[in-house]
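Single-structure report; data block below.
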Amino acid sequence: MSKVRWNVGDFVFKHLTMLFAFGVLSLVFLMGYEMYAGSALTITKFGWNFLATSTWDPVQDEYGALPLIFGTLLSSFLALLLALPLSIGVAIFLSELAPRWLERPFSFLVELLAAIPSIVYGLWGIFVLVPWLRQSIQPWLASHFSSLPFFKGPAYGFGMLAAALILAVMVLPIIASISRDVLQAIPNLQREAALGLGATRWESTKIILSTAKSGILGATLLGLGRAVGETMAVTMVIGNRSEISASLFSPGYSMASVIANEFAEATSKMYTSALIEVAFVLFVLTIVLNALARLIVWSVTRRFKTT
Amino acid sequence: MTTNEKLYFFWRKTKNNAMLVFSMACLLVAVTPLVLIFSYTLLQGISALNLDFFIQMPKPVGETGGGMANAIVGTGILIGLGALIGLPVGIMAGIYLAEYGDNPFAAATRFLADVLSGIPSIVVGVVAYIIVVLPMKHFSAFAGGVALAILMIPTVTRTTEEMIRLVPQSYREAGLAIGIPRWKTTLRIILPTALKGITTGILLAIARAAGETAPLLFTALGNRFWSTAIDQPIGSLTVFIYDYSKAPFEDWIRQAWGAAFVLIALIFILSVIFRIVTRSRYAEH
């Protein structure tokens, strides 16, 4: 028999599994649609102003998400500022400089720590980080950098600073482990070429880094996506007040934490719709970040897989 | 070598060593808070656990003692529901991606599954609220299960795919060569071979789902009383941790740490098993 035999079982099985794959694919679109439809009330009433005004007043049914977006972006940005240099350092060490026997256990440790539930980070934040900030760090910052607008006001402990710190701790393992993967995907030929020309370990690492730049950017975006969507740990330490303030000591709010705090208690239709719209904004934001990051990481690792 | 060259050489070597020390310092600084969190939770958690924690119901507000029996069962029911809904979808989609996944549609699915895994769990909770709680008109364990299912699907899909891909091509060829149809080859030869990896991957996804709080807050809601009904609100370990962490009672906070310890222990044991199983797979081939 030279022709491929057509088999009923094969046909059914292939298309059955395909149906489920299609289910996974359409899930993303379904989620987007449901949230868009669910927030129709506030979308028609406030339009783009929803994103640009800063009154969040359930009693008057006035909703502006600007302080929430500000809080999410600021806390995530600060977290990246702290975590990024450290993660790159960790990735360089694990992939370029560390002896082989050290890499395995540390990679394993980093992976395990990435799996701790965020509620546990939050618990630690409330009972260890916040008291520590209130008693030692914030008074010290206030007395040494009193001229800066960032360290003004009473030291509650709870607030933007606590949120940024806990986020930094949480995204660090993610950025570090993906950056390490990116560095390891680069062929050894490049290292050997550099070392063969008499470069030191660090000089060869610099060359590797310039090749891995876009991959590390992808890892950073993935970390940012995680930070932006992080809910419990942030809700527990950020202070939960819908305000925009330059001071990192003052309490803030984030998109995820407003949903976590208020959704179950939202009474009016408009209130629920406003919260769903916040979720929708968060959804779009994380989709864009993740899609961008995956594309970058994919293209980098694929480029080197063939060589 | 002139003195200048020697100096330059020395400078380069110094810089090299300095960067080595610097990157080691990065590792130390990065790992310290994580180790602190981990060890602090273990210490607080172990001293908080006793038999009561596992078999007693929560005591009324203000009384000390009691446990989280209902929350432990609740978490079990929630992840059970999540697995029941999410696993078939994830596994079937994973089989498709691994066995027939050489086309643009599969590439798009793979990509969106990865993107899906990056969507915040709170957003998934909102979606579960819209599609389950709103039509049913009240909070329920089922809604929580749907949320957890959506969270499990991308991980299960990708793990299943990766584990099936690890099965050598020759197994497939052997099956087809003796005239077994492709679907039977997949189900009777490929899947059993990949089963160990898939199972542990699934367990890991379930353990992660057990650690989720945000999507349960307004789907399963939480419940201080004994309930196993699927259409009623149900308590879970994570929501108990959240509620107790805000409470002014020493004893509740103690129990919150206990629950945190139980969660971490669960996730860590499964992660280690996953690591061991997948490593031996890699080693075989």
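Each chain gets a letter, A, B and so on, in the order the sequences are listed, and its residues count up from 1.
With values rounded to the nearest 0.5 angstrom, A:Ile119 atom CD1 is found 6.0 Å from B:Ser245 atom OG. With values rounded to the nearest 0.5 angstrom, B:Leu217 atom CG is found 8.5 Å from A:Asn261 atom CG. Remark: B:Asp114 CG to A:Leu222 CG distance equals 9.0 Å, nearest 0.5 Å. Between the CD1 atom of A:Ile92 and the CG atom of B:Leu27 there is a distance of 12.0 Å, given to the nearest 0.5 Å. The structure places CG of B:Asn17 at 12.5 Å from CZ of A:Arg201, a figure rounded to the nearest 0.5 Å. Rounded to the nearest 0.5 angstrom, B:Cys26 SG and A:Ile88 CD1 are separated by 9.0 Å.
Looking at A:Thr205, neither its backbone nor its side chain comes within 4.5 Å of chain B, counting heavy atoms on both sides. Only the side chain of A:Phe29 has a heavy atom closer than 4.5 Å to any heavy atom of chain B. Using a 4.5 Å cut-off between heavy atoms, A:Met236 touches chain B through its side chain atoms alone. In this structure, the portion of A:Leu27 lying under 4.5 Å from any heavy atom of chain B is its side chain and not its backbone. Proximity to chain B is limited to the side chain of A:Val128, based on heavy atoms less than 4.5 angstrom apart. Residue contact with chain A, scored on non-hydrogen atoms closer than 4.5 Å, involves the side chain of B:Val31 exclusively. Within the 4.5 angstrom heavy-atom criterion, only side-chain atoms of A:Met232, from C-beta onward, approach chain B. Only the side chain of B:Ile253 comes within less than 4.5 Å of a heavy atom of chain A; its backbone N, CA, C and O stay farther away. For a residue to count as touching a neighbouring chain, one of its non-hydrogen atoms must lie under 4.5 Å from one of that chain's; by this rule A:Leu123 touches chain B with backbone and side chain alike. When heavy atoms are compared at a cutoff of 4.5 Å, A:Pro173 approaches chain B solely by way of its side chain, counted from C-beta outward. Residue B:Thr186 touches chain A through its side chain alone, counting heavy-atom pairs closer than 4.5 Å. Proximity to chain B (any heavy atom under 4.5 Å) is shown, for A:Ser26, by neither the backbone nor the side chain. Contacts between A:Leu172 and chain B at a heavy-atom distance below 4.5 Å involve the side chain alone, from C-beta outward. For A:Thr17, the parts sitting under 4.5 Å from any heavy atom of chain B are the backbone and the side chain alike. For A:Leu295, the parts lying near chain B are the backbone and the side chain together; criterion is any non-hydrogen pair under 4.5 Å.
Taking both residues in full, the closest heavy atoms of A:Val90 and B:Ala30 are given as CG2-CB, 3.7 Å, listed atom of the first, atom of the second, then distance. Of all heavy-atom pairs between B:Ser117 and A:Arg294, the closest is OG-NH2, 3.7 Å. The two residues A:Met31 and B:Ile150 come nearest to each other via the heavy atoms SD-CG2, 4.2 Å. Between A:Ile116 and B:Phe268, the closest heavy-atom pair is CG1-CE1, 4.0 Å. Between A:Ala256 and B:Ile122, the shortest heavy-atom contact is O-CD1, 3.9 Å. Minimum interatomic distance between A:Thr286 and B:Pro120 (heavy atoms only, all atoms of both residues): OG1-CD, 3.3 Å.
Chosen from B:Gly211, B:Ala93, B:Ala18, B:Ser23, the residue pairing most often with chain A at heavy-atom distances under 4.5 Å is B:Ser23. Of the listed residues B:Leu187, B:Thr157, B:Thr219, B:Leu221, the one with more heavy-atom pairs under 4.5 angstrom with chain A than any other is B:Leu187. Across B:Ile37, B:Leu34, B:Ile95, the residue that shares the most heavy-atom pairs under 4.5 angstrom with chain A is B:Ile37.
Side-chain contact between A:Val120 and B:Phe38: absent, with no pair of heavy atoms (C-beta onward) separated by less than 4.5 Å. At least one side-chain heavy atom of A:Phe22 sits under 4.5 Å from a side-chain heavy atom of B:Phe105. Residues A:Phe283 and B:Val126 are not in side-chain contact: their nearest non-hydrogen atoms beyond the backbone lie 4.5 Å or more apart.
At a heavy-atom cut-off of under 4.5 Å, chain A is reached by B:Tyr100 from residues 97-104 of chain B, listed in order of number.
Ring planes of B:Trp257 and A:Phe127: tilted class, angle from 30 to 60°. Ring-plane geometry between B:Tyr129 and A:Phe263 is classed as perpendicular, the angle between the planes exceeding 60 degrees on a 0 to 90 degree scale with a lower cut at 30.
When each of B:Thr213, B:Ile267, B:Thr238 is paired with A:Pro117, the side-chain contact (heavy atoms from CB on, under 4.5 Å) condition holds for B:Ile267 and for no other.
Here the side chain of B:Asn16 pairs no donor or acceptor atom with the backbone of A:Thr200 at under 3.5 angstrom. Of the possible donor and acceptor atoms, none in the side chain of A:Asn7 sits under 3.5 Å from a partner among the backbone N and O of B:Pro181.
Centroid-to-centroid, the aromatic rings of A:Phe20 and B:Tyr96 stay 6.0 Å apart or farther.
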Show your reasoning for whether side-chain contact (heavy atoms from CB on, under 4.5 Å) applies to B:Leu20 and A:Trp202.
-> CA-CA 8 Å; B:Leu20 181 65; A:Trp202 167 242; over 6 Å; no
